[in-house]
Q: 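Following this message is one structure expressed as structure tokens.
Counting convention: from 1, in listed order, for ligands and their atoms alike.
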Amino acid sequence: MVQPEDGAAPTGDPKTGERTSGLFEVHHPLIQSHLAVLRDASTGPAEFRLLIQRLAVLLAYEATRDLVVDPIQVETPLAVTTGHRLGQRVGLIPILRAGLGMVDPLLHLLPAAEVWHLGLYRDEETAQPVEYYSKISDTIPVDVALILDPMLATGGSAGIALATLRNSGVKSVKLLSVIASREGITEVESNFPETQIYVCAVDDTLNEQKFIVPGLGDAGDRIFNTPGL
Ligand code: PRP
């Protein structure tokens, strides 16, 4: 039997548990089992979408662990008790297209979240990200921003999102990716050391076309059933 390994040690305040930055590779049996089916080339688009949603929820569970809550009074049918409500505003920043696959499950968990879209595609020749859509204002009135993109390959696309958010006044920025390459993690950590990165798996290799290997192929094409686009 393979025991789950511990995730990478994050940086943060050991007393309060508050996280500051670092890589959080979330090891969990549910993540591992869903991820194996997601990677499988024979998994069709309907199941692929569902798996992305499940993994997004499990990543979000970890990424929101340190959200601040405020105490509130709740009247149950039997008594008055203390409950809690979220004390921070959360923004979701999906990177189109593949990041769209993570939005709905996150909105189920965070129904009051604001969604700010960023459209990027990678030029096939250069592997450089090209921006084609931005619904992000100069100041984003949230306390915590979650960037959503299933794949972190070279880190170029995440870099554009992170640079945009650095100027937006958001204090806490977290990147949620299903699969990351080691190279992409290093790129983000060196340029945006303040970022928390939550991933299900880190793969070792980027091939000549800058695809993550073993990876899962092109997440956008598999979500939207556009093979070979
Ligand atoms: C893929 C993926 C990421 C990006 C990662 O998007 O969904 O957004 O590439 O690569 P990077 O870390 O090297 O920037 P793609 O360009 O295929 O667009 P799509 O989501 O519309 O398919």
Q: I'd like to check which ligand 1 atoms, numbered from 1 as shown, lie under 4.0 Å from a non-hydrogen atom of Gly220.
A: 22 (O)
Q: Roughly how far, to the nearest 0.5 Å, is the CG atom of Leu58 from the SG atom of Cys200?
A: 7.5 Å
Q: Considering both backbone and side-chain atoms of Arg122, is one of its nitrogen or oxygen atoms within less than 3.5 Å of a nitrogen or oxygen in ligand 1?
A: yes
Q: At a non-hydrogen distance cut-off of under 4.0 Å, which region of Pro129 contacts ligand 1 (side chain, backbone, both, or neither)?
A: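 Looking at Pro129 and ligand 1, no heavy atom falls under 4.0 Å.
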Q: For ligand 1, is any non-hydrogen atom under 4.0 Å from Ala219's backbone (N, CA, C, O), its side chain (CB onward), both, or neither?
A: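 Neither part.
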Q: Distance under 4.0 Å to a non-hydrogen atom of Met151: what atoms of ligand 1 satisfy this?
A: 2 (C), 3 (C), 5 (C)
Q: Can you tell me how far the CG atom of Leu216 sits from the CE atom of Met151, to the nearest 0.5 Å?
A: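 Rounded to the nearest 0.5 Å, the CG-CE separation comes to 4.0 Å.
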Q: Taking N or O atoms only and a 3.5 Å limit, does Ala127 qualify as a polar contact for ligand 1?
A: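 Checking ligand 1 against Ala127, no N or O pair falls under 3.5 Å apart.
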Q: Give me the nearest non-hydrogen protein atom to atom 8 (O) of ligand 1 as residue plus atom name, then the distance to 0.1 Å.
A: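 The closest one turns out to be Asp149 OD2, 2.5 Å.
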Q: Is a side-chain donor-acceptor pair under 3.5 Å present for Ser181 with Asp203?
A: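 The answer is no; no qualifying pair exists.
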Q: Mind listing the closest non-hydrogen atom pair of Ile72 and His84 along with its distance?
A: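 Heavy atoms only, the tightest pair is CG1-N, 3.7 Å.
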Q: Considering residues, nucleotides and ligands other than Asp138, do more than 12 of their heavy atoms fall under 6.0 Å from its CG?
A: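 Not more than 12 within 6.0 Å, no.
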Q: Does any N/O atom on Ile95 come nearer than 3.5 Å to any N/O atom on ligand 1?
A: no
Q: Would you compute the distance between atom OG1 of Thr205 and atom CD of Glu183 and round it to the nearest 0.5 angstrom?
A: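 If I round to the nearest 0.5 Å, the distance is 10.0 Å.
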Q: Got an N/O contact under 3.5 Å between Tyr121 and ligand 1?
A: no
Q: Does ligand 1 have an atom that lies less than 4.0 angstrom from a heavy atom of Gly155?
A: yes
Q: State whether Phe24 and Arg65 meet the cation-pi test: NZ (Lys) or CZ (Arg) under 6.0 Å from the six-membered ring centroid, and within 45° of the perpendicular axis.
A: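 No; the conditions do not both hold, so Arg65 does not lie above the ring face of Phe24.
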Q: Within 4.0 Å of atom 17 (O) of ligand 1 (strictly less), any protein heavy atom?
A: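 Looking at atom 17 (O) of ligand 1, one finds that a protein heavy atom does lie closer than 4.0 Å.
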Q: Which of the atoms in ligand 1, numbered in the order shown and given with their element, are less than 4.0 Å from a heavy-atom of Ser157?
A: 4 (C), 11 (P), 14 (O)
Q: Closest approach of Pro150 and Gly99, non-hydrogen atoms and distance?
A: CD-N, 3.7 Å
Q: Regarding Glu131 and Tyr133, is there a side-chain donor-to-acceptor distance under 3.5 Å anywhere?
A: no
Q: How far is atom 13 (O) of ligand 1 from its nearest protein heavy atom, and which residue and atom is that?
A: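 Answer, as residue, atom name and distance: Thr154 OG1, 2.5 Å.
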Q: Can you check atom 5 (C) of ligand 1: any protein non-hydrogen atom closer than 4.0 Å?
A: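 Yes, there is one.
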Q: With no hydrogens and no angle check, is any side-chain donor or acceptor of Lys174 less than 3.5 Å from a backbone partner on Ala63?
A: yes
Q: Looking only at protein heavy atoms, identify the closest one to atom 21 (O) of ligand 1 and say how far it is in Å.
A: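 Protein heavy atom with the smallest distance to atom 21 (O) of ligand 1: Arg97 NE, 2.8 Å.
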